[in-house]
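Please read these numbers as outputs of a predicted model, since none were measured by experiment. The basis for the numbers below is simple: all heavy atoms, side chains too, and nothing from hydrogens, waters or symmetry mates.
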Amino acid sequence: AQSMLLLADGLASGALIAQYEQLYRKNPELASLESKKAENQNKNRYRDISPYDVTRVILMGCINSDYINANYVNMEIPGSGIINRYIATQGPLSSTVADFWQMILEAGSTLVVMLTTLVERGRTKCHQYWPNINETLTFRNLTLISTSEKTDDYFVFREFILRDINTGEERDITHMQYCGWPDHGVPSDWRQFTKFTETVRSARTGMVEPAVVHCSAGIGRTGVLVLMETALCLIEANQPVYPLDIVRSMRDQRAMMIQNASQYKFVCEAVHKAYTEGIAKPLLEFSR
Ligand code: PTR
Ligand code: PTR
């Protein structure tokens, strides 16, 4: 409750934004050399968005290269025993779709969260890396079958079966897409966004494998979702929420998480509203 007062004050005074503007976008001590190698450059959707070497996802089963523009991001919720694990990544390119599914296979992930549409204002933001409903796509040794697709206001929920042709192993994959959110901008509706984040949280209950989260570059909107989910978990665990510390922790794992001050302000306001309206509340109320 104390930290929520700080949050409200910081929002009202503008101090919160001023602190955010001071924070480094990339940790200056962490290199991103793999992404700059000649053979990897065309696997990056944007030249200025690179994964740190230390936290990058290393592909095991690709013969030519182990590189994909993706980082492990682990967010610990103190006092609760929870660590929310993510893989934060760019929207796949047509040339990296097979790598993307190989990464999901190797990481054991069953949840993919997509925060972009395929095209925004006439520009391609992400390649359609999944088959249309009731269709099948094959990439190298992987087959993907689309079994379900439901649209709910701003969201699309899909179900896939991922099959490893070499081993016969099959896995169910849940795909959740949020459609009301252009890049560099903020979601069109904080309630819908909070509801979407809650849906992601409940889908990952008990999950130890990372949830794969992506937008177009895999930094702006992806960062906002990770901050929102982290804050909601902290509130429930009766822990203080210091958004700047959360951003710092994220940016030490993937550079540039949360693209701009308006996204940061949006998510801080959403956290505060979710708290004051009782959408997110401490599970343990201490007796006074
Ligand atoms: N620096 C950006 C780039 O690498 O392309 C420039 C950019 C401009 C990127 C606009 C995205 C932009 O958004 P949109 O594609 O939705 O207009
Ligand atoms: N070069 C692009 C730019 O600076 O605009 C990279 C970029 C593109 C950065 C999209 C962020 C973007 O948004 P998001 O991470 O939410 O897809």
**Q** Yes or no on side chain to side chain contact (heavy atoms under 4.5 Å, CB included) for Gln253 and Tyr52, after CA distance, side-chain angles and deciding distance?
**A** CA-CA 7 Å; Gln253 301 179 75; Tyr52 296 133; 5.7 Å; no

**Q** Inspect the contact between Arg56 and Asp66 and indicate whether a charged nitrogen and a carboxylate oxygen are less than 4.0 angstrom apart.
**A** yes

**Q** Arg251 versus Arg25: any side-chain heavy-atom pair under 4.5 Å?
**A**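 Side chain of Arg251 against side chain of Arg25, heavy atoms only: contact under 4.5 Å found.
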
**Q** Could you tell me whether Glu198 and Lys195 make a salt bridge, using a distance below 4.0 angstrom between a side-chain N and a carboxylate O?
**A**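 Judged by the 4.0 Å cut-off on N to carboxylate O distance, Glu198 and Lys195 do not form a salt bridge.
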
**Q** A side-chain contact here means heavy atoms from C-beta on lying under 4.5 Å apart; do Tyr154 and Asp189 qualify?
**A**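 Sidechains of Asp189 and Tyr154: in contact.
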
**Q** Are Val241 and Ile246 close enough that some pair of their side-chain heavy atoms sits under 4.5 Å apart?
**A** yes

**Q** Is a side-chain donor or acceptor of Gln263 paired with a backbone partner of Gln259 at a separation under 3.5 angstrom?
**A**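 Yes.
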
**Q** Is there a side-chain contact between Val112 and Phe100 in this structure, where contact means two heavy atoms from C-beta onward sitting under 4.5 Å apart?
**A** yes

**Q** Any salt bridge linking Arg171 with Glu209? Criterion: basic side-chain nitrogen under 4.0 Å from a carboxylate oxygen.
**A** no

**Q** Quick check on side chain to side chain donor-acceptor pair (under 3.5 Å): which of Asn71, Thr55, Asn27, Thr222 does Arg254 satisfy it with?
**A**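 Answer after filtering Asn71, Thr55, Asn27, Thr222: Asn71.
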
**Q** Would you indicate whether the side-chain heavy atoms of Thr89 and Met103 approach each other to under 4.5 Å?
**A** yes

**Q** Could you go step by step and tell me if Phe160 and His175 meet the ring-ring contact (aromatic ring centres under 6.0 Å, His included) rule?
**A** CA-CA 8 Å; Phe160 308 123; His175 188 257; 5.6 Å; yes

**Q** Would you name the heavy atoms of Leu115 and Cys215 that are closest together and state the gap between them?
**A**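 So the two residues come closest at CB-CB, 4.2 Å.
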
**Q** Treating Thr124 as the side-chain partner and Cys126 as the backbone partner, does any N or O pair qualify as donor plus acceptor under 3.5 Å?
**A**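 No, Thr124 side chain to Cys126 backbone: no donor-acceptor pair under 3.5 Å.
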
**Q** Walk me through whether Ser216 and Tyr46 qualify under side-chain hydrogen bond (donor to acceptor under 3.5 Å, both in side chains).
**A** CA-CA 9 Å; Ser216 184; Tyr46 300 99; 2.7 Å; yes

**Q** Once rounded to the nearest 0.5 Å, what's the spacing between atom CG of Leu23 and atom CE of Met257?
**A** 12.5 Å

**Q** Could you tell me how the ring of Phe193 sits relative to the ring of Trp181: parallel (under 30°), tilted (30 to 60°) or perpendicular (over 60°)?
**A**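 Ring orientation, 0 to 90° scale: perpendicular.
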
**Q** How are the rings of Phe155 and Phe196 set to each other: parallel, tilted or perpendicular (split at 30° and 60°)?
**A** tilted

**Q** May I ask you to check whether Lys36 and Ser50 show a side-chain donor-acceptor distance below 3.5 Å?
**A**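 Yes, because at least one side-chain N or O of Lys36 sits under 3.5 Å from a partner of the opposite role on Ser50.
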
**Q** Could you go step by step and tell me if Cys268 and Leu7 meet the side chain to side chain contact (heavy atoms under 4.5 Å, CB included) rule?
**A** CA-CA 7 Å; Cys268 288; Leu7 189 63; 4.1 Å; yes

**Q** Which value, rounded to the nearest 0.5 Å, describes the distance between Asn44 atom CG and Ile49 atom CD1?
**A**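 Asn44 CG to Ile49 CD1: 9.5 Å, rounded to 0.5 Å.
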
**Q** Using 0.5 Å steps for rounding, measure from the CD atom of Glu169 to the CD1 atom of Ile165.
**A**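 It is 12.5 Å, given to the nearest 0.5 Å.
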
**Q** Quick one: does any side-chain atom of Gln90 pair with a main-chain N or O of Arg45 as donor and acceptor, under 3.5 Å?
**A**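 Yes, Gln90 side chain to Arg45 backbone: donor-acceptor pair under 3.5 Å.
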
**Q** Would you say that Ser146 contacts Asn134 through its side chain, given a criterion of any heavy-atom pair below 4.5 Å between the two side chains?
**A** no

**Q** What closest approach, in Å, do Lys26 and Asp48 show between heavy atoms, and which atom pair accounts for it?
**A** NZ-O, 4.4 Å

**Q** Using the rule given for salt bridge (Lys or Arg N to Asp or Glu O under 4.0 Å), can you reason through Lys43 versus Glu34, listing the C-alpha separation, both sets of side-chain angles and the distance that settles it, and then say yes or no?
**A** CA-CA 11 Å; Lys43 297 179 186 172; Glu34 281 300 318; over 6 Å; no

**Q** Near Gln2 CD, under 6.0 Å, is it more than 12 heavy atoms from other residues, nucleotides or ligands?
**A** no

**Q** Do the non-hydrogen side-chain atoms of Tyr264 and Pro243 ever get within less than 4.5 Å of each other?
**A**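 Side chain of Tyr264 against side chain of Pro243, heavy atoms only: contact under 4.5 Å found.
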
**Q** Applying side-chain hydrogen bond (donor to acceptor under 3.5 Å, both in side chains), run through Tyr86 and Glu229 and close with a yes or a no.
**A** CA-CA 11 Å; Tyr86 305 86; Glu229 187 181 12; 2.5 Å; yes

**Q** For Pro210 and Ser109, work out which heavy atoms get closest and say how close.
**A** O-OG, 2.7 Å

**Q** Determine, for Arg221 against Glu120, whether the closest basic-nitrogen to carboxylate-oxygen distance falls under 4.0 angstrom.
**A**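 So Arg221 pairs with Glu120 through a salt bridge.
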
**Q** When you look at Ile87 and Val213, which way does the side chain to side chain contact (heavy atoms under 4.5 Å, CB included) test go after all the steps?
**A** CA-CA 6 Å; Ile87 288 174; Val213 184; over 6 Å; no

**Q** Which heavy atom of Asp252 sits nearest a heavy atom of Leu30, and at what distance?
**A** O-CD1, 3.4 Å

**Q** As a quick check of understanding, evaluate side-chain hydrogen bond (donor to acceptor under 3.5 Å, both in side chains) for Asn260 and Tyr20, giving each step before the final call.
**A** CA-CA 9 Å; Asn260 54 40; Tyr20 168 86; 5.9 Å; no

**Q** What are the two closest non-hydrogen atoms of Met114 and Leu118, and how far apart are they?
**A** CE-CD2, 3.8 Å

**Q** Any sub-3.5 Å donor-acceptor pair from Thr174's side-chain atoms to Glu159's backbone N or O?
**A** no

**Q** If you draw a 6.0 Å radius around CD in Glu39, do more than 12 non-hydrogen atoms from other residues or ligands fall strictly inside?
**A**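 Counting neighbours around CD of Glu39, more than 12 heavy atoms of other residues, nucleotides or ligands fall under 6.0 Å, so yes.
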
**Q** Over 60° means perpendicular and under 30° means parallel, so classify the ring planes of His214 and Tyr129, tilted if in between.
**A**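 Judged by the thresholds at 30° and 60°, the geometry between Tyr129 and His214 is perpendicular.
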
**Q** Give a yes or no on whether a salt bridge exists between Asp164 and Arg140, defined as a side-chain N under 4.0 angstrom from a carboxylate O.
**A** no

**Q** Hydrophobic clusters here meaning ILVMFWY residues chained together by side-chain heavy-atom distances under 4.5 Å, can you tell me if Met75 and Ile82 are in one?
**A**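 Yes, Met75 connects to Ile82 through the hydrophobic network.
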
**Q** Is any NZ, NE, NH1 or NH2 atom of the basic residue among Arg85 and Glu76 found under 4.0 Å from an Asp or Glu carboxylate oxygen of the other?
**A**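 Result for this pair is no, no salt bridge flagged.
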
**Q** State, with a plain yes or no, whether a side-chain heavy atom of Leu105 is found less than 4.5 Å away from one of Leu142.
**A**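 Sidechains of Leu142 and Leu105: in contact.
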
**Q** Side-chain heavy atoms under 4.5 angstrom apart, residues restricted to Ile, Leu, Val, Met, Phe, Trp, Tyr: same cluster for Leu16 and Trp190?
**A** yes

**Q** Once you round to the nearest 0.5 Å, how far does CG of Leu137 lie from CH2 of Trp101?
**A**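 It is 9.5 Å, given to the nearest 0.5 Å.
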
**Q** Passes side chain to side chain contact (heavy atoms under 4.5 Å, CB included), Ile17 versus Glu21? Steps please.
**A** CA-CA 6 Å; Ile17 302 304; Glu21 301 278 20; 4.1 Å; yes

**Q** Show the nearest heavy-atom pair for residues Val267 and Leu227, with the distance to one decimal.
**A**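 In terms of heavy atoms, the two residues are closest at CG1-CD2, 3.4 Å.
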
